Undergrad: 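Starting off with a structure, shown below.
Owing to the predicted nature of the structure, the values given are computational and were not obtained by experimental measurement. Letters go in sequence order (proteins before strands), and every chain restarts at 1.
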Protein chains: 2
Amino acid sequence: MTVEQKTTETEEKILEAALQVFSKKGKDGARMQEIADLAGLNKALLHYYFRSKEGLYDRVFEYMIAKLVKSFGPGLQEAPDFYQMLHIFIDSYIDFIRDNLPVMRLMVTEHLAGGDRLRDRIRSMMETPDSPPRLFLQRMNQAAARGDIRPADPHQTLITLLSCCVFFFLILPTVETFVPAARDNRDAFIEGRKDHVFDLIATSLRPVQEGRPVTWPRHRGKE
Amino acid sequence: MTVEQKTTETEEKILEAALQVFSKKGKDGARMQEIADLAGLNKALLHYYFRSKEGLYDRVFEYMIAKLVKSFGPGLQEAPDFYQMLHIFIDSYIDFIRDNLPVMRLMVTEHLAGGDRLRDRIRSMMETPDSPPRLFLQRMNQAAARGDIRPADPHQTLITLLSCCVFFFLILPTVETFVPAARDNRDAFIEGRKDHVFDLIATSLRPVQEGRPVTWPRHRGKE
DNA sequence: GTCTATATCTCGATAGAC
DNA sequence: GTCTATCGAGATATAGAC
């Protein structure tokens with residue numbers, strides 16, 4: 001008797017199909033029949049393996065979180081400085097979402113539903129010292145202390161970073177209607193997105209030079 | 001016989017309730033009963049006014065788009081320069097979303113569903129010269145030509161701008177779990193978000209000074 | 001383990017009283 | 001215009017053969 005529960009090939013097929021359907025339609029909107037069709041199996045098997053739709057959804061959620069956590073490579077820790085870490089963060093995060101759109105979508109649907117299921121997961125992630133968000137905050141504070149970057153709110157910057165990487169994929173259908181390049185060569189456009197995001201954040205955070213305060217032609221005025 | 005169809009008070013109540021439910025659960029996931037309960041009416045009335053669930057959803061979608069378009073104030077055109085326009089864009093957009101979360105959510109669920117219903121709307125919006133996105137692109141090109149900002153891809157910058165304003169509200173449940181300030185004083189945190197987004201983009205775009213190229217301590221290297 | 005057939009129930013939609 | 005009661009389609013879930 002072993003504790004680890006091996007996932008059979010059939011289970012895997014069901015979970016993958018369910019992830020896709022749940023992520024687009026939400027828990028209530030999804031249809032068991034559609035999941036079965038996509039998996040190339042029949043409805044009864046879904047209940048054989050997962051008892052109920054609710055049970056299946058719970059397992060799909062775990063499955064999705066597992067994919068997310070598994071994507072945390074050791075790359076971030078090994079980055080020699082803040083800018084290298086930022087670069088790795090952006091590239092690997094965008095790559096992951098590009099290759100796992102259903103994971104991103106399920107995260108979004110969960111947020112739309114109120115995010116109750118996510119709360120504990122996020123909290124425990126934020127309590128893990130070497131999780132990507134924690135590492136980012138820590139390295140940003142270090143960089144500011146050293147003068148590698150100008151002072152800026154790390155939480156706001158983290159939110160911005162996530163926004164820039166994730167939201168783009170969510171609104172891809174819209175982007176494609178007004179940026180021909182995104183339609184014609186998606187992969188190239190995604191690579192361009194990486195560069196833009198890094199450039200934007202890195203340029204904004206670069207430290208203030210001697211005798212040259214951070215300013216712009218006309219200051220944001222509420223005069 | 002008049003062309004304009006006045007929306008009765010009851011219709012308005014139904015549309016508002018339906019917008020909330022559809023925006024959280026999607027078209028298929030939403031339940032007519034839940035909408036009726038939220039509106040304080042009974043199911044039969046929904047069918048009396050809108051014939052079917054599909055019909056109701058269509059009307060809710062129009063209702064949502066109307067709210068969005070109505071929020072386009074004349075402020076943007078009147079901004080004297082790019083930075084003022086950016087400032088107004090961010091403030092008014094964030095204010096609108098804060099006050100109309102269901103509109104944002106319905107846009108997101110539509111994107112999750114593939115964005116087919118949005119395509120025509122977005123396209124016609126992008127063909128309207130004084131729509132906010134068009135204005136932004138135009139003013140950004142002008143500013144770059146004048147040297148008010150450094151050269152940067154306007155489309156990517158627009159995507160970033162939208163991302164920074166919208167995504168934050170989508171992941172608010174998550175943000176609140178790791179930023180105490182967001183939970184304790186939401187309004188203040190939202191105001192802080194405006195400042196951060198403006199500061200980030202404006203700082204990043206400020207023009208390169210004579211003899212001082214845009215760079216940072218260690219360049220993003222792929223060595 | 002996998003399938004077909006069927007039971008059970010939920011939900012969209014309608015009929016009809018007021 | 002608004003309600004209660006109910007129908008019927010379609011969904012989840014189960015039974016039972018293979």
Side-chain angles (χ1 to χ4, degrees), chain A residues 1-2 4-64 106 109-110 112-114 117, chain B residues 1-2 4-64 102 106 109-110 112-113 117:
Chain A
M1 171 190 143
T2 169
E4 67 184 84
Q5 49 202 51
K6 247 190 301 198
T7 310
T8 71
E9 196 184 334
T10 304
E11 264 178 306
E12 186 79 16
K13 261 197 285 188
I14 295 173
L15 286 172
E16 198 56 43
L19 175 58
Q20 281 197 249
V21 178
F22 279 131
S23 74
K24 283 198 178 180
K25 306 277 182 78
K27 196 185 72 179
D28 298 330
R31 297 288 161 242
M32 295 294 267
Q33 185 64 58
E34 192 180 346
I35 295 170
D37 291 347
L38 192 61
L41 303 165
N42 68 77
K43 261 190 328 184
L45 269 185
L46 310 195
H47 288 92
Y48 173 77
Y49 281 105
F50 303 97
R51 219 193 81 244
S52 68
K53 188 183 185 180
E54 187 80 20
L56 176 56
Y57 187 82
D58 286 344
R59 284 288 302 275
V60 167
F61 185 77
E62 300 304 318
Y63 180 70
M64 180 271 289
L106 195 66
T109 60
E110 272 297 321
L112 285 173
R117 248 193 196 79
Chain B
M1 171 190 146
T2 169
E4 66 183 84
Q5 50 204 50
K6 246 188 303 196
T7 309
T8 71
E9 195 185 334
T10 304
E11 264 178 307
E12 186 79 16
K13 261 196 285 189
I14 295 172
L15 286 171
E16 199 55 45
L19 175 59
Q20 280 196 249
V21 177
F22 279 131
S23 73
K24 284 194 179 182
K25 306 274 182 80
K27 196 185 72 178
D28 298 331
R31 298 288 162 244
M32 296 294 268
Q33 185 63 58
E34 191 179 348
I35 295 170
D37 291 347
L38 192 60
L41 304 166
N42 67 77
K43 257 191 331 180
L45 269 185
L46 309 196
H47 288 93
Y48 173 78
Y49 280 105
F50 303 95
R51 219 193 82 243
S52 67
K53 187 183 185 180
E54 188 79 19
L56 176 56
Y57 187 81
D58 286 344
R59 284 288 302 276
V60 167
F61 186 77
E62 298 305 318
Y63 180 70
M64 181 271 288
L106 195 66
T109 60
E110 271 297 320
L112 285 174
R117 246 195 197 78

Undergrad: Measure from CD on B:E34 to P on C:dT10 and round the result to the nearest Å.
TA: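 Going from CD in B:E34 over to P in C:dT10 covers 15 Å.
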Undergrad: How long is the line joining CD of A:Q33 and P of C:dC3, in whole Å?
TA: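 Atom-to-atom, A:Q33 to C:dC3, this comes out as 12 Å.
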Undergrad: Distance check needed: C:dG12 C1' versus B:F50 CZ, whole Å only.
TA: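 Going from B:F50 (CZ) to C:dG12 (C1'), I get 16 Å.
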Undergrad: Going 5' to 3' along nucleotides 13-18 of chain D, which nucleotides have protein heavy atoms under 4.0 Å from the base (write B), which only from the sugar-phosphate (write S), and which from neither (write -)?
TA: BBB---
Undergrad: Bend angle of the helix from C:dG1-D:dC18 to C:dC18-D:dG1 from five-pair axes at both ends, rounded to 10°?
TA: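 Computed angle between terminal axes is 0°.
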Undergrad: With sequence neighbours left out, write down each residue that passes side chain to side chain donor-acceptor pair (under 3.5 Å) with A:E34, or none if nothing qualifies.
TA: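 A:E34 satisfies side chain to side chain donor-acceptor pair (under 3.5 Å) with A:K25 once adjacent residues are dropped.
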Undergrad: Could you work out, with side-chain contact (heavy atoms from CB on, under 4.5 Å) as the rule, every residue matching B:A113, not counting sequence neighbours?
TA: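 So B:A113 forms no side-chain contact (heavy atoms from CB on, under 4.5 Å) with any residue.
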Undergrad: Would you say B:T10 reaches D:dT2's phosphate, i.e. side-chain N/O to OP1/OP2 under 4.0 Å?
TA: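 For B:T10, the contact criterion (side-chain N or O under 4.0 Å from OP1 or OP2 of D:dT2) is met.
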Undergrad: Not counting sequence neighbours, which residues clear side-chain contact (heavy atoms from CB on, under 4.5 Å) with B:D58? List them please.
TA: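 Only B:E54, B:R117 meet the side-chain contact (heavy atoms from CB on, under 4.5 Å) criterion with B:D58.
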Undergrad: In whole Å, I'd like the distance from the CG atom of B:D28 to the P atom of C:dG12.
TA: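 So the CG-P distance, B:D28 to C:dG12, works out to 10 Å.
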Undergrad: Rounded to whole Å, how long is the line connecting atom OH of B:Y57 with atom C1' of C:dA13?
TA: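 Atom-to-atom, B:Y57 to C:dA13, this comes out as 20 Å.
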Undergrad: What is the distance, rounded to the nearest whole Å, between atom CG of B:N42 and atom C1' of C:dA13?
TA: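 Computing the B:N42:CG to C:dA13:C1' distance gives 13 Å.
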Undergrad: Between B:L45 (CG) and D:dG1 (C1'), how many Å, whole number?
TA: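 Answer to the nearest Å: 7 Å.
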Undergrad: Stepwise, does the side chain to side chain contact (heavy atoms under 4.5 Å, CB included) test hold for B:R59 with B:I14?
TA: CA-CA 11 Å; B:R59 284 288 302 276; B:I14 295 172; over 6 Å; no
Undergrad: Would you list the pairs meeting ring pair (Phe, Tyr, Trp, His ring centres under 6.0 Å) in which at least one residue belongs to residues 17-49 of chain B, sequence neighbours left out?
TA: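 For residues 17-49 of chain B, and leaving out neighbouring residues, the ring pair (Phe, Tyr, Trp, His ring centres under 6.0 Å) pairs sorted by first residue read B:F22-B:Y57.
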Undergrad: Go through the structure and list residues passing salt bridge (Lys or Arg N to Asp or Glu O under 4.0 Å) with A:E12, not counting sequence neighbours.
TA: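 A:E12 satisfies salt bridge (Lys or Arg N to Asp or Glu O under 4.0 Å) with no other residue.
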Undergrad: In whole angstroms, how far is the C1' atom of C:dC11 from the CG atom of B:L56?
TA: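 To the nearest whole Å, that distance equals 15 Å.
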Undergrad: Could you check whether any side-chain heavy atom of B:L15 comes within less than 4.5 Å of a side-chain heavy atom of B:F50, counting everything from C-beta outward?
TA: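 Sidechains of B:F50 and B:L15: in contact.
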Undergrad: Base, sugar-phosphate, or nothing for A:A30, non-hydrogen atoms under 4.0 angstrom?
TA: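 A:A30: backbone/sugar contact only, no base atoms under 4.0 Å.
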Undergrad: Return each pair, listed once, that meets salt bridge (Lys or Arg N to Asp or Glu O under 4.0 Å) where at least one residue sits in residues 41-53 of chain A; pairs must be two or more places apart or across chains.
TA: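 Non-adjacent pairs meeting salt bridge (Lys or Arg N to Asp or Glu O under 4.0 Å): zero.
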Undergrad: Does a side-chain N or O of A:R31 approach OP1 or OP2 of D:dG10 to a distance below 4.0 Å, or not?
TA: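 Checking A:R31 against D:dG10: no side-chain N or O falls below 4.0 Å of OP1 or OP2.
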Undergrad: For A:D37, which residues count as a side chain to side chain donor-acceptor pair (under 3.5 Å) partner, sequence neighbours excluded?
TA: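 Testing A:D37 for side chain to side chain donor-acceptor pair (under 3.5 Å), a comparison that skips the adjacent residues, returns A:Q33.
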